[in-house]
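Nothing here was measured: the structure is a model prediction, and the numbers come from that model.
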Amino acid sequence: MKSIIKSILSVVVLTSVLYSCGNGGSNNSSKGALGSSAAEKVYVAPGEHDEFYAFISGGFSGQLAVYGLPSGRLFKVIPVFSVDAEKAYGFNEETKAMLMTSHGFIPWGDSHHPDISQTAGEVDGKFVYINENNTPRIAKIDLTTFETTEIIELPNSAGNHSSSFVTENSEYIVAGTRFSVPVPQRDMPIKEYKSNFKGALSFISLEKESGDMDLAFQIMMPGFNYDLSHPGRGKSHGWFFFTTYNTEEAHTLLEVNASQNDKDYIAAINWKKAEEYIKAGKFKTMPARYAHNKYDEHTHTATTSWGKEVKVLDPAECPGLVYFLPTPKSPHGCDVDPSGEYIVGNGKLAAELTIHSFTKMLAAIEAEKFDGEAYGIPILKYEDILAGAVKQPGLGPLHTEFDGKGNAYTTFFISSEVVKWKLGTWEVIDRKPTYYSVGHLMIPGGNSAKPFGKYVLALNKITKDRYLPTGPEVTQSAQLYDITGEKMELLLDFPTIGEPHYAAGIPADIVKKNSKKFFRLEDNNHKYAVKAEEDARVERNGNEVHIYMTMIRSHFAPDNIEGIRVGDKVYFHVTNLEQDYDVPHGISMIGANTSELLIMPGQTETFIWEPKQVGVWPFYCTDFCSALHQEMQGYVRVSAKGAKTPLTYTLDDEELDAE
Ligand code: K7E
Ligand code: CUA
């Protein structure tokens with residue numbers, strides 16, 4: 001049996017290679033990107049703005065990249081889960097706390113699914129949330145500053161993959177565990193996985209104005225793998241849908257052992273019901289320890305607080321909370337159409353694409369037409385809830401998005417294509433190759449009741465020969481298609497940072513009017529801020545030296561410091577006094593094993609330097625800020641340990657004694 005499955009899998013793999021090669025050569029149904037109209041459609045003239053923002057996840061880079069569509073131009077890489085020397089994120093004293101977890105300081109993450117906050121079912125452009133897969137966390141990015149301002153860790157989770165999707169009024173972000181684990185974690189034999197490991201689905205509530213996160217409750221599910229999820233909307237608002245695989249509860253050789261069942265499930269969660277159960281006190285409080293890191297825009301500083309417990313619901317004890325919808329063959333993506341009626345299960349190994357009907361699901365629940373149960377959770381009958389199926393759509397379906405005009409677009413990894421099909425009739429309308437092996441796809445507003453169905457962006461895993469070679473590691477890519485016509489038209493492809501798992505898009509007009517120009521100096525409440533040059537100073541406290549420094553075009557104050565000794569711990573607290581748009585300054589110190597600081601107008605940041613060698617050492621501005629940028633520099637004199645050199649510094653050409 002196992003060897004049969006193995007040979008099936010190898011045929012699938014082989015087919016994928018053949019498909020890829022076949023697709024590479026021809027694209028003759030239209031001239032695609034070769035046609036001159038395609039070039040016009042993506043051309044954004046110098047000085048003009050793009051129509052959409054696209055926030056593309058960086059995968060194993062742990063970051064989030066901001067692009068413009070249709071041009072595909074990269075504007076910014078926002079550091080989220082990984083340290084970033086360019087912006088000092090995770091290096092400066094102010095942001096280190098953002099990367100704190102119950103496992104300590106983790107300088108790296110694997111980011112997958114960005115999603116934009118919503119109001120009344122539409123993307124509102126206030127915040128982007130994104131999940132970290134490896135050390136389970138969710139981050140919030142503030143779209144006034146395009147900076148990460150909050151990260152919450154998720155207890156009882158491992159492989160935080162079916163996240164971070166937002167409900168239609170930003171009530172919750174949901175985060176499901178991909179790997180089931182012992183809950184609470186403990187030392188136990190792996191072979192006792194079955195019925196002992198559990199899968200936690202976390203509901204994180206959002207504060208209306210600030211978008212701040214709070215771990216509201218978890219639902220403790222059977223030990224399956226929870227792969228992806230999407231909220232209901234419109235008529236299905238109040239529900240959340242999760243794909244599962246490995247309902248076999250295998251713990252080894254999953255490529256075979258987790259592909260045994262003809263059907264796995266989509267778990268339908270009634271979260272309004274969950275709220276009732278929580279209100280009625282039907283939860284258990286479990287001890288937990290998780291980091292909750294917040295960045296304050298006024299102190300310009302992040303702090304960590306620690307969660308100590310979590311409310312947990314057991315579906316077996318909460319009737320009406322969870323139902324299982326049988327779905328063929330290890331479904332990956334779980335997508336809900338803009339009306340909220342259709343739930344698409346993208347069965348990776350299935351011949352057809354399965355679409356469930358929310359209305360039929362409710363009717364079957366009402367009639368209590370169940371086909372048994374699993375761990376106390378009722379299983380609905382496949383035939384009772386089926387809305388329809390797309391026949392022979394392609395090989396290896398992964399994800400589906402919608403254009404808001406009655407069409408759906410599904411990616412096929414193995415046959416390397418995007419397929420357009422019609423909701424309700426399930427007929428295939430068009431298919432276009434991708435180069436190659438597409439994972440997610442994105443239509444701006446795709447996870448909402450109002451998609452902006454002008455473009456679809458395909459996010460490809462493999463590029464092979466598409467770009468100039470860069471050694472064994474070549475870039476991943478995104479491809480843009482025009483979807484305004486009956487047939488899709490390939491317009492453009494562009495390289496991406498890290499692995500582009502998913503993306504979120506939004507009309508630029510919604511976001512750009514709120515973009516901050518600089519931080520107001522008078523609102524700067526940083527502990528070590530200096531708001532005027534004459535207040536700049538140096539203070540010694542034992543072997544700690546604090547330099548309160550300012551920067552403005554084109555000098556530092558102070559710019560000469562003497563009396564530092566080997567063995568000192570020197571804090572540079574640096575405030576950028578500029579109050580103007582787009583005038584950051586940087587600072588770095590020779591031999592510092594932190595990064596440079598890139599400090600925005602009105603902001604204060606700190607780095608620590610521990611000089612190891614006697615001498616006179618320079619520092620300089622790292623950001624070309626004015627015609628006299630090269631003059632923006634200074635020196636620190638370092639004497640031997642125990643030397644008696646007095647601590648002095650220069651302000652405006654005058655030498656002053658430190659207190
Ligand atoms: Cu890459 Cu959504 Cu993490 Cu599918 S996932 S491809
Ligand atoms: Cu300041 Cu360059």
Side-chain angles (χ1 to χ4, degrees), residues 156-157 161-162 172 174-183 193-203 217-232 236 238-251 258 260-278 280 282-284 286 310-331 334 336 343 345 347 354 356-358 360-386:
N156 301 329
S157 285
H161 195 256
S162 35
Y172 294 99
V174 168
T177 194
R178 174 170 152 210
F179 307 110
S180 283
V181 288
V183 176
Y193 179 114
K194 201 164 183 151
S195 70
N196 287 316
F197 283 31
K198 297 283 176 228
L201 308 181
S202 304
F203 283 70
F217 58 87
Q218 293 185 321
I219 301 177
M220 206 52 71
M221 298 284 287
F224 310 154
N225 290 43
Y226 297 86
D227 205 12
L228 274 147
S229 64
H230 266 103
S236 55
W239 290 77
F240 225 101
F241 304 94
F242 290 81
T243 41
T244 69
Y245 65 100
N246 192 24
T247 51
E248 296 85 352
E249 294 180 75
H251 54 82
Q260 302 292 312
N261 290 349
D262 184 44
K263 296 190 177 64
D264 296 281
Y265 304 120
I266 286 178
I269 313 281
N270 185 341
W271 59 258
K272 292 249 157 123
K273 198 74 171 185
E275 287 179 335
E276 288 170 23
Y277 280 121
I278 293 288
K282 287 271 298 190
F283 58 85
K284 280 198 191 77
M286 271 187 68
V310 54
K311 297 185 175 101
V312 175
L313 292 173
D314 177 353
E317 289 167 15
C318 299
L321 180 62
V322 185
Y323 298 92
F324 283 139
L325 321 182
T327 305
K329 293 283 169 208
S330 306
C334 178
V336 180
I343 303 135
T354 305
H356 298 302
S357 155
F358 179 72
K360 288 185 172 182
M361 181 195 93
L362 281 192
I365 291 170
E366 188 80 18
E368 301 192 12
K369 282 181 77 181
F370 302 131
D371 194 9
E373 47 91 31
Y375 296 101
I377 298 169
I379 303 169
L380 296 164
K381 284 207 181 83
Y382 178 66
E383 299 73 25
D384 289 347
I385 55 172
L386 192 67

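- Contact record, Thr247 with Asn261: OG1-ND2, 2.9 Å, taken as the closest heavy-atom pair.
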Trace of the side chain to side chain contact (heavy atoms under 4.5 Å, CB included) decision for Phe283 with Phe217: CA-CA 9 Å; Phe283 58 85; Phe217 58 87; over 6 Å; no
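- When side chains are defined from C-beta on, Tyr323 counts as touching Phe370, because their heavy atoms get closer than 4.5 Å.
- For the pair Trp271 and Pro231, the minimum side-chain heavy-atom distance is 4.5 Å or more.
- Thr243 places a side-chain N or O within 3.5 Å of a backbone atom of Leu228 that can act as its donor or acceptor partner.
- The minimum heavy-atom distance between Ala258 and Ala250, with the atom names listed, is N-CB, 4.3 Å.
- Residues meeting the salt bridge (charged side-chain N to carboxylate O under 4.0 Å, His left out) test with Lys272, sequence neighbours left out: none.
- Ring geometry, Phe241 versus Phe358: the interplanar angle exceeds 60°, so the pair is classed perpendicular (tilted spans 30 to 60°).
- Residues Tyr375 and Glu249 approach most closely at OH-OE2, 2.6 Å, considering heavy atoms.
- A search for side chain to side chain contact (heavy atoms under 4.5 Å, CB included) contacts involving Tyr277 returns Lys273, Lys282, Leu313, Cys318, Pro319, Leu321, not counting sequence neighbours.
- Here the side chains of Ile343 and Cys334 are in contact, with some heavy-atom distance below 4.5 Å.
- Met361 places a side-chain heavy atom less than 4.5 Å from the side chain of Trp239.
- Atom NZ of Lys360 is surrounded by more than 12 heavy atoms from other residues, nucleotides or ligands within 6.0 Å.
- Side-chain atoms of Thr354 never come within 3.5 Å of backbone atoms of Gly345 as a donor-acceptor pair (strictly under, hydrogens ignored).
- Here the CG atom belonging to Leu201 is positioned 8.5 Å from the CE atom belonging to Met220, to the nearest 0.5 angstrom.
- The side-chain hydrogen bond (donor to acceptor under 3.5 Å, both in side chains) test applied to Asp227 returns His161, His332, not counting sequence neighbours.
- The 12-atom threshold is not exceeded at NZ of Lys284, counting heavy atoms of other residues, nucleotides or ligands nearer than 6.0 Å.
- Considering only heavy atoms from C-beta on, Met286 comes within 4.5 Å of Val183 through its side chain.
- Considering all non-hydrogen atoms of both residues, Gly199 and Thr177 come closest at CA-CG2, 3.4 Å.
- Between Pro326 and Lys263, the shortest heavy-atom contact is CB-CD, 3.7 Å.
- In this structure, Asn225 CG and Asn246 CG are separated by 4.5 Å, a value rounded to the nearest 0.5 Å.
- Looking at Thr244, its side chain does come within 3.5 Å of a backbone N or O of Tyr265 through a donor-acceptor pair.
- Of the possible donor and acceptor atoms, none in the side chain of Ser180 sits under 3.5 Å from a partner among the backbone N and O of Phe197.
- The minimum heavy-atom distance linking Gly376 with Pro378 is given by the pair O-CD, 3.7 Å.
- For the pair Val174 and Phe203, the minimum side-chain heavy-atom distance is below 4.5 Å.
- Within the 3.5 Å criterion, the main-chain N or O of Ala200 finds no donor-acceptor partner in the side chain of Ser202.
- Atoms CG and CG, from Leu386 and Leu325 in turn, are 11.0 Å apart once rounded to the nearest 0.5 Å.
- Put simply, the side chain of Phe324 reaches to within 4.5 Å of the side chain of Phe224, judged on heavy atoms.
- In this structure, Lys198 and Gln218 have side chains that are not in contact, with every pair of non-hydrogen atoms separated by 4.5 Å or more.
- Side-chain contact annotation: Tyr245 with Asp264, donor-acceptor N/O pair under 3.5 Å absent.
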